[in-house]
Amino acid sequence: MTTDAQLLAALREHRNGYIAASEVMRRLGLSLAALDGRVADLRELGYQIEVKPHLGCRLLSSPDVLHADDLMARLPANRVVGRDIRVFKETTSTNDVAEKLARDGVKQGVVIFAESQTKGRGRLGRKWESPVGKGLWFSVLLRPQLLPTEATQLTVVGATALARAVQSQTDIAPDIKWPNDLLIGGRKVAGILTEMSAEVDRVNHVIIGIGLDVNQAASDFPPDVRKLATSLKLERGQPVHRGDLAAAILIELERDYARVCRGEFAALADEWESRCTTIGQHVTVLIGERRVQGRAESLDDSGALLLRTEHGRIERIIGGDVTVEKSRP
Ligand code: BT5
């Protein structure tokens, strides 16, 4: 951990009170002048840190910018997800940056955030709007011991962890729409783009790309997206601190990824199903040119959607665009 990360971690441990400057200096191995320097640098970045002669230091507030050290300081020590975090002011697509790192042999767990993306993308090359500083646009590189056919489990990891973190930070429980959307009141608040490199019987790596609309006003969305999208701020009526939210999401991702790695996908799928509005509905799934209709029954062991068609057959669906048919019983 860097010195800034250690300092922020120490200040956060004493969130409701002061930590003595002497204790910080001892823990971090800093002189008083060096501590003053670190505090000044963090203040430059927008952290409000109070220093009182006889009481010590206290963190009053953190800026709404993403700061890699600060995020890492909030995560547990032996984590996989967020073992390394990199924040870019601007990238093309965080999935592309993660893909490059994957090809360079970087270990799993690295997380790439960008304050904005110039080529943020959804599935099938669709555009993902990623305005500066308004949302969380990030990608997680994983190297799971899964078969390529089981990689859909990681989209389930992403959606469940994201829904749980949003709920804990905002008290809003988003609905999951299979396979990769989070909705609030029927409007899309997040999307997940899972990309994989694999051989026939082995996954090389998976990149989970997450886009979460946090602090946009309606006017921040282009008109075509505004009709179907929302942000946490719009739903809650007040802004949400992106750093707090990002840390909460990474902690939940760690938890659900560990469940999958331990072979406990069934328990995760149960939670996913309880949050998913697609299950039990009559739906139409568009897979390229192909259209399949039926009742969404459940997830199978690999994370695919099981659809019972009108002829009573079960179809296993691993991707596509789902529309819920409102008029069906
Ligand atoms: C998705 O695709 O929902 C996956 C989005 C993944 C974005 C993340 S951001 C970090 C990482 N880096 C990337 O480049 N991508 C990932 P899909 O289901 O195909 O939905 C795309 C559709 O959502 C678009 O065609 C628009 O209609 C709509 N859309 C675009 N931007 C949006 C936004 N900010 N919020 C809500 N909806 C949006």
Side-chain angles (χ1 to χ4, degrees), residues 66 81 85-102 110-142 152 154-159 161-163 166 174-196 205-235 240 242 245-246 249-250 253 278 283 285-288 305 317-324:
L66 298 172
V81 175
I85 295 180
R86 306 184 193 184
V87 178
F88 291 80
K89 244 177 127 175
E90 185 180 285
T91 54
T92 49
S93 153
T94 54
N95 270 35
D96 292 344
V97 178
E99 176 65 37
K100 182 169 184 321
L101 292 175
V110 61
V111 183
I112 308 298
F113 285 90
E115 289 287 6
S116 78
Q117 299 182 111
T118 52
K119 289 193 179 144
R121 54 189 155 79
R123 295 172 303 150
L124 306 169
R126 293 172 193 140
K127 187 168 182 222
W128 183 260
E129 301 293 336
S130 325
V132 188
K134 298 284 180 181
L136 291 175
W137 329 121
F138 67 103
S139 302
V140 184
L141 167 64
L142 298 172
T152 316
L154 296 176
T155 304
V156 175
V157 165
L162 194 55
V166 166
D175 298 321
I176 297 175
K177 181 183 167 210
W178 189 87
N180 68 325
D181 289 353
L182 249 59
L183 308 182
I184 300 176
R187 287 171 175 268
K188 182 156 170 166
V189 72
I192 301 173
L193 176 67
T194 310
E195 294 180 315
M196 168 174 70
H205 64 258
V206 171
I207 293 163
I208 307 182
I210 294 179
L212 173 60
D213 298 314
V214 183
N215 285 330
Q216 287 104 323
S219 57
D220 290 322
F221 292 105
D224 55 327
V225 177
R226 194 179 306 158
K227 287 182 281 192
L228 41 100
T230 188
S231 72
L232 296 177
K233 179 178 159 185
L234 283 169
E235 297 299 322
V240 177
R242 289 178 311 139
L245 186 58
I249 295 170
L250 296 183
L253 281 172
T278 316
V283 297
V285 189
L286 209 56
I287 311 153
L305 183 69
I317 315 275
I318 57 165
D321 285 309
V322 170
T323 322
V324 173

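Heavy-atom basis, side chains included; hydrogens, waters and symmetry copies ignored. Index from 1, following the sequence. Because the structure is a prediction, the values reported are computed rather than measured. Whatever order the structure lists ligands and atoms in, that order sets their numbers, starting from 1.
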message: Within the 4.0 Å heavy-atom shell around Val225, which atoms of ligand 1 are there?
response: 29 (N), 32 (C), 37 (N), 38 (C)
- request: Answer yes or no: is there an ion pair linking Asp96 with Arg121, defined by an N-O contact shorter than 4.0 Å?
  value: yes
message: Among Asn95, Asn180, Leu136, which one puts a heavy atom closest to atom 1 (C) of ligand 1?
response: Asn180
- request: Report the residues that fulfil salt bridge (Lys or Arg N to Asp or Glu O under 4.0 Å) with Arg123, sequence neighbours left out, ordered by chain and then residue number.
  value: Asp321
field: Modelled atom types, side-chain donor and acceptor of Gln117 and Ser130, under 3.5 Å
entry: yes
- request: Please identify which atoms of ligand 1 are closer than 4.0 Å to at least one heavy atom of Ile210.
  value: 8 (C), 9 (S), 10 (C)
message: If I apply the N/O under 3.5 Å rule, does Arg126 come out as touching ligand 1?
response: yes
field: Contact atoms of ligand 1, heavy-atom distance to Gly120 under 4.0 Å
entry: 14 (O)
- request: Grab the two heavy atoms, one from Thr91 and one from Ala114, that are nearest each other, plus how far apart they are.
  value: OG1-CB, 3.5 Å
task: List every atom of ligand 1 that sits less than 4.0 Å from any heavy atom of Gly122, numbering the atoms from 1 in the order shown and giving each element.
output: 1 (C), 2 (O), 4 (C), 5 (C), 19 (O)
query: Counting heavy atoms only, which of Glu195, Arg123, Lys188 comes nearest to atom 20 (O) of ligand 1?
result: Lys188
Lys134/Glu129 salt bridge by N-O under 4.0 Å criterion: no
task: Assess the side chains of Thr155 and Thr194: does a donor N or O sit below 3.5 Å from an acceptor N or O?
output: yes
task: Would you mind reporting whether Ile112 and Leu101 have side-chain heavy atoms less than 4.5 Å apart?
output: yes
message: Only heavy atoms of Thr94, strictly under 4.0 Å: list the atoms of ligand 1 that pass.
response: 10 (C), 11 (C), 12 (N)
task: Report, in ascending order of atom number, the atoms of ligand 1 lying under 4.0 Å from any heavy atom of Arg121.
output: 5 (C), 6 (C), 7 (C), 13 (C), 14 (O), 15 (N), 16 (C)
task: Using non-hydrogen atoms of the residue, decide whether Ser130 is closer than 4.0 angstrom to ligand 1.
output: no
- prompt: Would one find an N or O of Trp137, backbone or side chain, under 3.5 Å from an N or O of ligand 1?
  reply: no
